[in-house]
A.B. asks: 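Dropping a structure here in structure tokens format, bear with me for questions.
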Protein chains: 2
Amino acid sequence: MHYFTISDLAHEFDVSTRTIRYYEERGLLSPIRTESGQRLYTKKERAKLKLILRGKRFGFSLDEIHEMIALFDEDRTGKKQLEKTVEYGRRKLKEVDERIEDLLQLKAEMEALLSDFEKRLCEWEESGG
Amino acid sequence: MHYFTISDLAHEFDVSTRTIRYYEERGLLSPIRTESGQRLYTKKERAKLKLILRGKRFGFSLDEIHEMIALFDEDRTGKKQLEKTVEYGRRKLKEVDERIEDLLQLKAEMEALLSDFEKRLCEWEESGG
DNA sequence: ATTTTAATTGACGTTGACGTAAAAGTCAAC
DNA sequence: GTTGACTTTTACGTCAACGTCAATTAAAAT
């Protein structure tokens with residue numbers, strides 16, 4: 001299996017190494033270490049970082065993202081655990097759905113604004129321009 | 001015409017008056033004043049606040065939102081101004097589109113995760129449960 | 001072998017987005 | 001006409017999410 005160094009990930013996702021270490025401080029990432037103490041990231045850790053950054057783009061706090069990532073990490077042996085996980089997942093999914101709805105609304109508003117401006121621009125060109 | 005007080009808006013949108021004043025400090029809102037200095041908000045200002053809060057929900061910074069709001073405020077006399085506004089609007093709209101795309105991706109990933117968990121839950125119930 | 005580049009921890013600094021407290025003025029109600 | 005709710009400005013506080021040294025160690029390149 002192949003591992004990523006911290007700067008591999010930093011370059012790939014265009015974040016600082018400090019940021020990646022900070023996410024570890026906050027318990028969002030847990031890379032393994034070489035004998036000398038350097039961090040090595042598996043594909044799974046990489047996937048987690050990807051999810052963190054995606055979450056951030058939508059204004060989720062690191063605490064919220066932490067909860068989401070728990071879906072990756074928890075050992076979901078046991079039925080109870082699994083049920084809890086699924087229920088939490090459904091809730092979060094609903095939140096995401098609401099955000100999409102909200103964004104579509106924003107888009108519609110902006111489009112209305114834009115088409116109004118464009119109309120005015122046309123009028124301008126027809127009459128005086 | 002009817003005006004809103006600062007606490008009207010604070011209650012309606014569930015933000016603090018401090019927050020509303022802060023948005024004014026940052027140039028995002030510009031209420032008129034009574035003779036004694038109290039703030040009064042028009043429907044337009046209210047709409048701007050709504051837009052600010054919507055923007056915030058998607059992780060836009062106040063600076064970014066400020067630029068968006070300029071679409072409301074700028075005096076768009078003159079063709080040049082109008083053209084610039086429309087062009088900027090198109091760019092921002094594209095960004096919003098990308099965010100929607102991104103969110104749909106997140107949704108898909110979460111759904112995949114969830115259905116995997118649900119499958120496991122079913123297996124659990126069939127076999128041992 | 002040694003220079004260059006990259007990694008580590010630790011600690012302090014910064015920025016954005018407000019919260020909070022204080023002092024003073026204003027408005028509606030009683 | 002005074003109580004009480006609300007408003008104003010000024011100013012300092014706070015918390016998250018990093019940035020930025022600094023000192024040290026390890027790895028890669030020449």
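We use all heavy atoms of the structure for the numbers below, so side chains are in, but hydrogens, waters and symmetry mates are not. Chain naming here is simple, since letters A, B, ... match the order of the sequence lines and numbering starts at 1 in each.
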A.B. asks: Output yes when B:E95 and B:R91 qualify as a salt bridge under the 4.0 Å nitrogen-oxygen rule, no when they do not.
C.D. replies: no

A.B. asks: Just to verify, what does B:F60 make a ring pair (Phe, Tyr, Trp, His ring centres under 6.0 Å) with, not counting sequence neighbours?
C.D. replies: none

A.B. asks: Would you mind reading off the distance between A:D8 atom CG and D:dA27 atom P, rounded to a whole angstrom?
C.D. replies: 15 Å

A.B. asks: Heavy atoms, side chains only, cut-off 4.5 Å: are B:V15 and B:Y22 in contact?
C.D. replies: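 With C-beta onward as the side chain, the pair stays apart.
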
A.B. asks: Applying side chain to side chain donor-acceptor pair (under 3.5 Å), name anything that partners A:E35, two or more places apart in sequence or on another chain.
C.D. replies: none

A.B. asks: Roughly how bent is the helix from C:dA1-D:dT30 to C:dC30-D:dG1 end to end, in steps of 10 degrees, with each end axis from five pairs?
C.D. replies: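 Rounded to the nearest 10 degrees, the bend comes out at 20°.
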
A.B. asks: With nearest nucleotide decided by heavy atoms, which residue, B:E25 or A:Y22, maps closer to the 5′ end of DNA chain D?
C.D. replies: B:E25

A.B. asks: Would you say A:Y23 reaches D:dC18's phosphate, i.e. side-chain N/O to OP1/OP2 under 4.0 Å?
C.D. replies: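 It does, given that an N or O in the side chain of A:Y23 lies less than 4.0 Å from OP1 or OP2 of D:dC18.
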
A.B. asks: Short of 4.0 Å, heavy atom to strand atom, which residues of residues 10-18 of chain B count as contacting DNA chain C?
C.D. replies: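 Residues of residues 10-18 of chain B under 4.0 Å from DNA chain C: B:S16, B:R18.
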
A.B. asks: Quickly work out the A:R26 CZ to D:dC15 P distance and round it to whole Å.
C.D. replies: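 Atom-to-atom, A:R26 to D:dC15, this comes out as 13 Å.
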
A.B. asks: Using a 4.0 Å heavy-atom cut-off, does A:R21 contact any base of the nucleic acid, only the sugar-phosphate backbone, or nothing at all?
C.D. replies: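 It contacts base atoms.
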
A.B. asks: Could you state the atom-to-atom distance from CZ of B:R33 to C1' of D:dT8 in whole Å?
C.D. replies: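 The distance from CZ of B:R33 to C1' of D:dT8 comes to 8 Å, rounded to the nearest Å.
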
A.B. asks: Please identify which of these residues, B:L28, B:L49, B:I52, meets the side chain to side chain contact (heavy atoms under 4.5 Å, CB included) condition with B:I20.
C.D. replies: B:L49

A.B. asks: Output all residues satisfying salt bridge (charged side-chain N to carboxylate O under 4.0 Å, His left out) with B:E101, sequence neighbours left out; order by chain, then residue number.
C.D. replies: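 By the salt bridge (charged side-chain N to carboxylate O under 4.0 Å, His left out) rule, B:E101 matches no residue at all.
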
A.B. asks: Could you pull out the protein-nucleic contacts involving nucleotides 24-27 of chain C (nitrogen or oxygen on both sides, under 3.5 Å)?
C.D. replies:
from   : atom 1 : to    : atom 2 : distance (Å)
C:dC27 : OP1    : B:S36 : OG     : 3.0

A.B. asks: With a 4.0 Å cutoff (strictly under), does any side-chain N or O of A:K56 reach OP1 or OP2 of D:dC18?
C.D. replies: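 It does, given that an N or O in the side chain of A:K56 lies less than 4.0 Å from OP1 or OP2 of D:dC18.
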
A.B. asks: Under 4.5 Å between any side-chain heavy atoms of A:Y3 and A:I32, yes or no?
C.D. replies: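 A:Y3 reaches A:I32 side chain to side chain.
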
A.B. asks: To the nearest Å, how far apart are B:Y3 OH and D:dT7 C1'?
C.D. replies: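 About 19 Å, once rounded to whole Å.
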
A.B. asks: Closer than 4.0 Å, any side-chain N/O of A:T19 to the OP1 or OP2 of D:dA17?
C.D. replies: no

A.B. asks: Looking at C:dT9, I'd like to know if its phosphate oxygens (OP1 or OP2) sit under 4.0 Å from a side-chain N or O belonging to A:R39.
C.D. replies: yes

A.B. asks: Could you pull out all residues at least two apart from B:E111 that satisfy side chain to side chain contact (heavy atoms under 4.5 Å, CB included)?
C.D. replies: A:L93, B:K107

A.B. asks: Report the distance from atom CZ of A:F4 to atom C1' of C:dA7, rounded to the nearest whole Å.
C.D. replies: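 The answer, rounded to whole Å, is 18 Å.
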
A.B. asks: Could you pull out all residues at least two apart from A:Y41 that satisfy ring pair (Phe, Tyr, Trp, His ring centres under 6.0 Å)?
C.D. replies: none

A.B. asks: To the nearest Å, how far apart are A:E24 CD and C:dT9 C1'?
C.D. replies: 12 Å

A.B. asks: Can A:K48 and A:E45 be counted as an ion pair, charged N to O under 4.0 angstrom?
C.D. replies: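 Looking at A:K48 and A:E45, the cut-off is met.
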
A.B. asks: Who passes side chain to side chain donor-acceptor pair (under 3.5 Å) against B:S7, sequence neighbours left out?
C.D. replies: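 Scan of B:S7 (side chain to side chain donor-acceptor pair (under 3.5 Å), adjacent residues dropped) gives B:T5.
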
A.B. asks: Between atom CD1 in B:I20 and atom C1' in D:dT7, what is the gap in whole Å?
C.D. replies: 13 Å

A.B. asks: Check the interface with nucleotides 1-3 of chain D: list each N/O to N/O pair with the protein under 3.5 Å, or write none.
C.D. replies:
none

A.B. asks: Which atom pairs, donor and acceptor, lie under 3.5 Å between side-chain atoms of residues 61-69 of chain B and protein residues at least two apart or in another chain?
C.D. replies:
from  : atom 1 : to    : atom 2 : distance (Å)
B:S61 : OG     : B:D63 : N      : 3.4
B:S61 : OG     : B:E64 : N      : 3.2
B:D63 : OD1    : B:R26 : NH2    : 2.7
B:E64 : OE1    : B:S61 : N      : 2.9
B:H66 : NE2    : B:G27 : O      : 3.3
B:E67 : OE1    : B:Y88 : OH     : 3.1

A.B. asks: Round to a whole Å and report the spacing from CG of A:L62 to P of C:dG16.
C.D. replies: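 For the pair A:L62 CG and C:dG16 P, the rounded distance is 18 Å.
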
A.B. asks: Residues two or more places apart in sequence or in another chain: which of them pass side chain to side chain donor-acceptor pair (under 3.5 Å) with A:Q38?
C.D. replies: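 If we apply the side chain to side chain donor-acceptor pair (under 3.5 Å) test to A:Q38, skipping adjacent residues, there are no hits.
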
A.B. asks: Got B:K94 and B:R90 here, is their nearest side-chain heavy-atom distance under 4.5 Å?
C.D. replies: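 They are not in side-chain contact.
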
